[in-house]
Colleague: 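This is the structure I want to talk about, given as structure tokens.
Worth knowing before you read on, the calculation uses all heavy atoms, side chains too, and leaves out hydrogens, waters and symmetry mates. Order of the sequence lines sets the chain letters (A, B, ...), proteins ahead of strands, with each chain counted from 1.
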Amino acid sequence: MSVRVRLAPSPTGNLHIGTARTAVFNWLFARHQGGKFILRIEDTDLERSRPEYTQNILDGLTWLGLNWDEGPFFQSQRLDLYREKIHILLEKGLAYRAYDTPEELDAMREAQKAKGEAPRYDNRHRYLTPEQCAAYEAEGRSAVIRFMIEDDREITWTDLVRGKLSWKGRDLGGDMVIARAASAGDIGQPLYNFVVVVDDIDMQISHVLRGEDHIGNTPKQILLYEALGATVPTFGHAPLILNQSGAKLSKRDGVTSIAEFQQMGYTAEALANYMTLLGWSPPEGMDEIFLLPGAAEKFSFDRVNKAGAKFDWDKLNWLNSQYLHQMPSNQLLELLLPYWQAAGYEFDAVGDRPWLEQLVDLIKPSLTLLQDAVEMSRYLFVAQLDFSAEATTQLQQSGTAAAVQAILTTLESYQPLTSEGIQSLIKQVTSEHHLKKGLVMRSLRAALTKAMHGPDLAQSWLLLHQHGWDRSRLEAALEIAG
RNA sequence: GGUGCCGUAGGCAAAUCGGUAAAGCCACAGGUCUUUCAAACCUGUGUUUGCGGGUUCAACUCCCGUCGGCACUGCCA
């Protein structure tokens, strides 16, 4: 049987890191097995589903490189199929109409809780006579469709990551609602647990790979597969991604949507790499830094961990920096341009290309996030920049003025300035004026970059020089210097 | 409350059928390099596998109990 897996996100929010990680596992599994990865949008909740969320999900998956082979399919367009299946269950006597009002159900659950019992539907409408049904309908009541779950059933399956799992029918909460209320003889909006099964059967899904939060749904769904006369697929439940305090990572924990990670300057490769590591560990001998296709070659659920994984920003950041450091400069430049543009820096992306590439080479080893490039290169883009407090202090130290003056004077004979020129200029200044190299360098840094920390000074100077900014900065520094 | 899952160093984790635990990565500390910060490189700290029993020559691995965490428990997905 061919391997077919699917990702079934609901468009009630932006693509979430948890959903994306599930997507990664599905994609990896499909690629490893030579199977198909299908995308299905679960928009059965008409109230909360939004087209912009669907777009966000599609964009996020695409950005991450998680291309799908079929779809996207939309459940909202498949209602006829669901109705048809519900009719079949109704006719087989496996499902029935229940006329309870929400208030009655609430009261029932309250009473159960008061008695210290687990809240569940007591199946009170399971065997209503046609007369009783008619009476309720005459009252104007609408009915949900409930699927019968026998208390004494035992549902067992072998989970790809957890092994043999077993559930008792009585712990499933009573007969489950598979379609929302609708008036007289109609069938309302079909619900998630039912729709998923119908679709997975229809799309011949062979492996259902999802988050651990769906474990409790699995026995109900298995019952539905049986009722619909279908083969039960293989299930695999991956551990959840946890926040710092160990709870399921949610929107409340700050950044959790893929689009936000993207904006902050994480690369798709690093994020995908990190998400894979959240629950899966590469086999012996395989590096932890890998691209999705490489991981696909080795991926198997044998190596998916059972325990939830805490999200670790430090490690993600480290991974991202690794990708950035290894990236060819011209490629990195393309990623950086939008950040500089957004910061309002003025430059000619085409004409300044050689200069920009030198800049990328300069800051690349220090980047963690693409966003970092904005602050890191500000002194090279912004002409009018205040001296930092530290730089001012440095400039006012004795000897600094002399050093800056000496550099300014010596600079005359080094036009145009080159890398080698800078080195020999500094040598010349230190020896002719009997200045310590450290002082010269610190003075230079303060004057040129207006800060005491930053990328390589000689290269910075060169870039400044190419913009014709070095002389004016040295002169400005002189005014401040004691 | 009920049901289920999980529990190896600060974090991610490895340890194929029970056979010397903590490989590797992040973080942290120190060092090297250097004009600074970062990067890079080197070295190092951290444990007795939540706890208590049991089976066994041998238990992170199996069994029982216990504690803790989390998930689910909806006419949401």
Side-chain angles (χ1 to χ4, degrees), chain A residues 8-13 42-45 47-49 98 100-102 105 109 112-113 115-121 142-146 159 161-162 165-168 170-173 176-182 188-189 191-193 195-196 211-219 237 239-240 242 244-248 274 277-289 302-303 305-319 321-322 325 363-368 372 376 390 394 426 437-446 449 451-458:
Chain A
S10 73
T12 52
E42 311 241 323
D43 54 354
T44 51
D45 186 338
E47 311 243 322
R48 294 195 295 150
S49 295
D100 313 273
T101 64
L105 293 176
R109 292 195 186 97
Q112 289 165 335
K113 276 187 189 170
K115 279 192 282 184
E117 293 172 2
R120 70 187 315 264
Y121 183 59
S142 53
V144 300
I145 309 294
R146 283 189 185 266
D159 195 275
V161 350
R162 277 146 228 283
L165 255 27
S166 182
W167 231 278
K168 294 198 172 51
R170 70 178 61 90
D171 294 325
L172 264 23
M176 65 186 278
V177 178
I178 56 175
R180 278 179 159 150
Q189 180 76 37
L191 260 18
Y192 172 78
N193 268 124
V195 164
V196 169
E212 188 192 326
D213 46 349
H214 283 286
I215 283 191
N217 288 146
T218 307
H237 291 92
L240 299 179
L242 276 20
Q244 285 301 310
S245 36
K248 180 164 80 168
Y274 182 63
L277 255 14
L278 246 23
W280 182 74
S281 60
E284 183 79 44
M286 178 175 167
D287 201 77
E288 275 197 344
I289 299 181
D302 296 349
R303 300 190 72 83
N305 203 47
K306 293 189 185 77
K310 281 190 185 172
F311 192 88
D312 183 354
W313 285 98
D314 282 332
K315 188 151 184 177
L316 205 216
N317 286 339
W318 173 79
L319 253 182
S321 71
Q322 294 302 306
H325 299 170
I363 63 174
K364 183 160 70 172
S366 307
L367 287 178
T368 294
D372 296 342
M376 213 172 273
E390 279 184 322
Q394 173 62 40
I426 290 168
K437 190 183 180 190
L439 174 72
V440 173
M441 296 306 283
R442 285 195 296 277
S443 304
L444 254 181
R445 180 173 288 283
T449 73
M452 291 315 290
H453 306 295
D456 183 83
L457 184 53

Colleague: Determine the contact category for A/Asp100: base if any of its heavy atoms lies under 4.0 Å from a base atom, sugar-phosphate if only primed atoms, P, OP1 or OP2 are that close, otherwise nothing.
Modeller: base
Colleague: From B/C12, B/U35, B/A71, pick the nucleotide closest to the side chain of A/Ala309?
Modeller: B/C12
Colleague: Base, sugar-phosphate alone, or nothing: which one does A/Leu240 contact when heavy atoms must sit under 4.0 Å apart?
Modeller: sugar-phosphate
Colleague: Per the atom types in the model, does the base of B/U35 pair as donor or acceptor with the side chain of A/Arg445 at under 3.5 Å?
Modeller: yes
Colleague: Whom does B/U66 pair with, Watson-Crick or G-U wobble, provided both distances fall under 3.5 Å?
Modeller: B/G50
Colleague: Are more than 12 heavy atoms from other residues, nucleotides or ligands located less than 6.0 Å from atom CD of A/Glu117?
Modeller: yes
Colleague: Using atom C1' of each nucleotide, how far apart are B/A9 and B/U48 to the nearest Å?
Modeller: 11 Å
Colleague: For B/A14, does either OP1 or OP2 sit under 4.0 Å from a side-chain N or O belonging to A/Ser281?
Modeller: yes
Colleague: Taking atom C1' of B/C37 as reference, at what distance in whole Å does atom CG of A/Asp372 sit?
Modeller: 13 Å
Colleague: If you compare all heavy atoms of A/Lys306 against all heavy atoms of A/Val161, which two are closest, and at what distance to 0.1 Å?
Modeller: CE-O, 3.5 Å
Colleague: Please classify the nucleic acid contact of A/Gly438 as base, sugar-phosphate, or nothing, using heavy-atom distances under 4.0 Å.
Modeller: nothing
Colleague: Provide the Watson-Crick or G-U wobble partner of B/G19, both distances under 3.5 Å; none if there is no partner.
Modeller: B/C57
Colleague: What is the distance from CD of A/Gln112 to P of B/G74, rounded to the nearest Å?
Modeller: 10 Å
Colleague: Across nucleotides 1-6 of chain B, 5' to 3', mark each nucleotide with B, S or - according to how protein heavy atoms within less than 4.0 Å reach it.
Modeller: BSSSSS
Colleague: Please state the C1' separation for the pair B/G7 and B/U47 - nearest whole angstrom.
Modeller: 16 Å
Colleague: Can you check whether any acceptor in the base of B/A27 is under 3.5 Å from a donor in the side chain of A/Asp312, or vice versa?
Modeller: no
Colleague: What I'd like to find out is whether the side chain of A/Lys364 reaches to under 4.5 Å of the side chain of A/Pro455, using heavy atoms alone.
Modeller: no
Colleague: Send over the distance from A/His325 NE2 to B/C26 P, rounded to a whole Å.
Modeller: 13 Å
Colleague: Please give, in whole Å, the distance from B/U8 C1' to A/Lys310 NZ?
Modeller: 14 Å
Colleague: Can you check the A/His237 NE2 to B/C72 C1' distance for me, whole Å?
Modeller: 11 Å
Colleague: Please report the closest heavy-atom contact between A/Met452 and A/Glu390, naming both atoms and the distance.
Modeller: CG-CB, 3.6 Å
Colleague: Reckon A/Arg303 has a side-chain N or O less than 4.0 Å from the OP1 or OP2 of B/C12?
Modeller: no
Colleague: Do side-chain atoms of A/His325 reach the backbone of A/Leu367 as a donor and acceptor pair under 3.5 angstrom?
Modeller: yes
Colleague: Give A/Thr44 one of three labels, base, sugar-phosphate or nothing, depending on what nucleic acid heavy atoms sit under 4.0 Å from its own.
Modeller: sugar-phosphate
Colleague: Please tell me if A/Arg180 has a side-chain N or O lying less than 4.0 Å from either OP1 or OP2 of B/C76.
Modeller: yes
Colleague: Suppose we define a pair by two distances each less than 3.5 Å, Watson-Crick or G-U wobble; what does B/C37 pair with here?
Modeller: none
Colleague: Heavy atoms only: give me the nearest A/Gln394-A/Ala446 pair and the separation to one decimal.
Modeller: CG-CB, 3.9 Å
Colleague: Say you draw a straight line from CG of A/Asn317 to NZ of A/Lys315; how long is it, rounded to the nearest 0.5 Å?
Modeller: 12.5 Å
Colleague: Need one value for A/Gly279: base, sugar-phosphate or nothing, where a base atom within 4.0 Å counts as base even if backbone is also close, heavy atoms only.
Modeller: sugar-phosphate
Colleague: Between B/C12, B/A14, B/A71, which nucleotide gets closest to the side-chain atoms of A/Asn305?
Modeller: B/A14
Colleague: Remember a base hit wins even if backbone is also touched, and classify A/Ala181 as base, sugar-phosphate or nothing at under 4.0 Å, heavy atoms.
Modeller: base
Colleague: What is the base-pairing partner of B/U43, counting Watson-Crick and G-U wobble geometry with both distances under 3.5 Å?
Modeller: B/A29
Colleague: Nucleotide by nucleotide, 5' to 3', does protein get under 4.0 Å of the base (B), only the sugar-phosphate (S), or neither (-) in nucleotides 19-24 of chain B, counting heavy atoms?
Modeller: -----B
Colleague: For A/Arg48, answer base if it contacts any base atom (sugar-phosphate contacts may also be present), sugar-phosphate if it contacts only those atoms, and nothing otherwise; contact means non-hydrogen atoms under 4.0 Å.
Modeller: base
Colleague: Can you check whether A/Lys248 has a side-chain N or O nearer than 4.0 Å to OP1 or OP2 of B/G69?
Modeller: no
Colleague: If the cut-off is 4.0 Å, is A/Ser142 near the phosphate of B/C75, judged by side-chain N/O to OP1 or OP2?
Modeller: no
Colleague: Measure across A/Asp43 and A/Ser49 and return the closest heavy-atom pair with its distance rounded to 0.1 Å.
Modeller: CA-OG, 3.5 Å
Colleague: In Å and rounded to the nearest 0.5 Å, what is the CG to CZ distance from A/Asp45 to A/Arg180?
Modeller: 5.5 Å
Colleague: Provide the Watson-Crick or G-U wobble partner of B/C12, both distances under 3.5 Å; none if there is no partner.
Modeller: B/G24
Colleague: In whole Å, I'd like the distance from the CD atom of A/Gln189 to the C1' atom of B/A77.
Modeller: 12 Å
Colleague: Consider only side-chain N and O atoms of A/Asp100 and A/Tyr121, and report whether a donor and an acceptor are under 3.5 Å apart.
Modeller: yes
Colleague: Figure out the NE2/P separation between A/His453 and B/A39, and round it to whole Å.
Modeller: 14 Å
Colleague: Can you see if the side chain of A/Gln322 gets near the phosphate of B/A40 - specifically, an N or O under 4.0 Å from OP1 or OP2?
Modeller: yes
Colleague: When the distance from CE of A/Met176 to P of B/C76 is rounded to whole Å, what number comes out?
Modeller: 12 Å
Colleague: Tell whether A/Ser10 reaches the base of B/A77 with its side chain through a donor-acceptor pair below 3.5 angstrom.
Modeller: no
Colleague: Which heavy atom of A/Ala182 sits nearest to which heavy atom of A/Ser142, and what is that distance?
Modeller: O-CB, 3.3 Å
Colleague: What pair of heavy atoms forms the shortest contact from A/Ala8 to A/Glu42, and how long is it?
Modeller: CB-OE2, 3.0 Å
Colleague: With heavy atoms under 4.0 Å as the rule, sort A/Val144 into base, sugar-phosphate or nothing.
Modeller: base
Colleague: Using atom C1' of each nucleotide, how far apart are B/G50 and B/U43 to the nearest Å?
Modeller: 32 Å
Colleague: Would you indicate what A/Leu191 reaches in the nucleic acid, counting non-hydrogen atoms under 4.0 angstrom: base, sugar-phosphate, or nothing?
Modeller: sugar-phosphate
Colleague: How is A/Asn217 classified with respect to the nucleic acid when contacts are heavy atoms under 4.0 Å: base, sugar-phosphate, or nothing?
Modeller: base
Colleague: Write down the partner of B/U3 under the Watson-Crick or G-U wobble criteria, each distance required to be under 3.5 Å.
Modeller: B/A71
Colleague: Given B/A39, B/C75, B/A27, identify the nucleotide with an atom nearest to the side chain of A/Pro102.
Modeller: B/C75
Colleague: Mark yes or no for whether A/Glu288, through its side chain, and A/Pro282, through its backbone, hold a donor-acceptor pair below 3.5 Å.
Modeller: no
Colleague: Students often get this wrong, so: under 4.0 angstrom with heavy atoms, is A/Leu277 touching a base, only sugar-phosphate, or nothing?
Modeller: sugar-phosphate
Colleague: Strictly below 4.0 Å: does A/Arg146 bring a side-chain N or O up to OP1 or OP2 of B/C75?
Modeller: yes
